[in-house]
Amino acid sequence: MKAAGKEVTIVMIEDDEGHARLIEKNVRRAGVNNEIIPFTNGTDALDFILGPDRSGTVSSDRHLLILLDLNLPDMSGIDILEKVKSNPHAKRLPVVILTTTDDEREIQRCYDLGANVYITKPVEYDSFAHAIRQLGLFFSVMQIPGQ
């Protein structure tokens with residue numbers, strides 16, 4: 001997966017180790033070999049995406065794709081989504097929400113804040129694996145815009 005001729009780095013923000021392994025396995029199975037940088041909490045992920053000063057300038061020339069769980073130990077994924085999408089250097093980064101929450105208002109709020117895709121994680125392993133495989137196929141054809 002490339003953006004403007006550059007490799008795209010996948011930033012996975014997921015605190016459940018089993019889900020993280022499943023996501024990576026199925027993204028790989030779909031033929032996506034981009035680097036995946038995993039984070040288990042929002043603070044570390046935001047330090048990487050926006051920099052410790054939260055200015056976002058660290059991402060002004062990076063091509064990232066963010067996989068975001070909404071239920072994290074230190075902050076909500078909604079907070080992360082708001083911070084990324086309101087930052088002038090990071091607002092164009094594609095964000096895919098992967099969460100167990102299927103509340104209509106929550107889904108609409110994520111789209112209103114700028115999420116690109118919202119995937120509800122089925123509790124059943126096979127359904128979740130299928131959803132992630134579809135996501136991997138989506139990544140393999142998706143073009144990510146440059147900043």
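Position 1 is the first residue of the sequence; numbering continues from there. Everything numeric here is computed off the predicted structure, so don't read it as measured data.
Taking both residues in full, the closest heavy atoms of His89 and Ser60 are given as ND1-CB, 3.6 Å, listed atom of the first, atom of the second, then distance. Nearest heavy atoms, Leu70 versus Cys110: CD1-SG, 4.0 Å. Minimum heavy-atom separation, Asp69 to Asp15: OD2-OD1, 3.2 Å. The shortest non-hydrogen separation linking Asp53 to Gly56 is OD1-N, 4.5 Å.
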Chi angles and distances behind the side chain to side chain contact (heavy atoms under 4.5 Å, CB included) call for Thr40, Glu14: CA-CA 5 Å; Thr40 57; Glu14 169 62 72; over 6 Å; no
Thr9 vs His63, side chain to side chain contact (heavy atoms under 4.5 Å, CB included): CA-CA, chis, key distance, verdict: CA-CA 6 Å; Thr9 300; His63 298 288; over 6 Å; no
Is there a side chain to side chain contact (heavy atoms under 4.5 Å, CB included) between Ile97 and Val117? Walk through the geometry before answering. CA-CA 6 Å; Ile97 306 293; Val117 181; over 6 Å; no
Walk me through whether Val96 and Tyr118 qualify under side chain to side chain contact (heavy atoms under 4.5 Å, CB included). CA-CA 6 Å; Val96 176; Tyr118 190 106; over 6 Å; no
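To the nearest 0.5 Å, atoms CD (Glu35) and CD1 (Ile37) are separated by 4.0 Å. How far CG of Leu67 is from CD1 of Ile13: 8.5 Å, rounded to the nearest 0.5 Å. Atom OG1 of Thr99 and atom CG of Asn71 lie 4.5 Å apart (nearest 0.5 Å). Taken to the nearest 0.5 Å, the CZ atom of Arg21 stands 8.5 Å off from the CG atom of Asp16. Rounded to the nearest 0.5 angstrom, Asn116 CG and Leu93 CG are separated by 9.5 Å. Of the inter-residue distances, the one linking Leu46 atom CG with Met75 atom CE reads 5.0 Å to the nearest 0.5 angstrom.
At least one side-chain heavy atom of Arg109 sits under 4.5 Å from a side-chain heavy atom of Glu82.
Between the side chain of Asn87 and the main chain of Leu50, no donor-acceptor pair closer than 3.5 Å is present. Under a 3.5 Å cut-off, the side chain of Lys85 and the backbone N or O of Lys91 do form a donor-acceptor pair.
Counted by atom type alone, Asp103 and Thr101 present zero donor-acceptor pairs between their side chains at under 3.5 Å.
A side-chain contact (heavy atoms from CB on, under 4.5 Å) with Val11 is found for one member of Ile49, Leu65, Val84, Ile36 and no other, namely Ile49. Partner Ser76 forms a side-chain contact (heavy atoms from CB on, under 4.5 Å) with one of Leu72, Asp74, Ile78 and no other, that one being Ile78.
Cluster annotation: Phe39 and Val58 are assigned to distinct hydrophobic clusters (Ile/Leu/Val/Met/Phe/Trp/Tyr, side-chain heavy-atom contacts under 4.5 Å, transitive).
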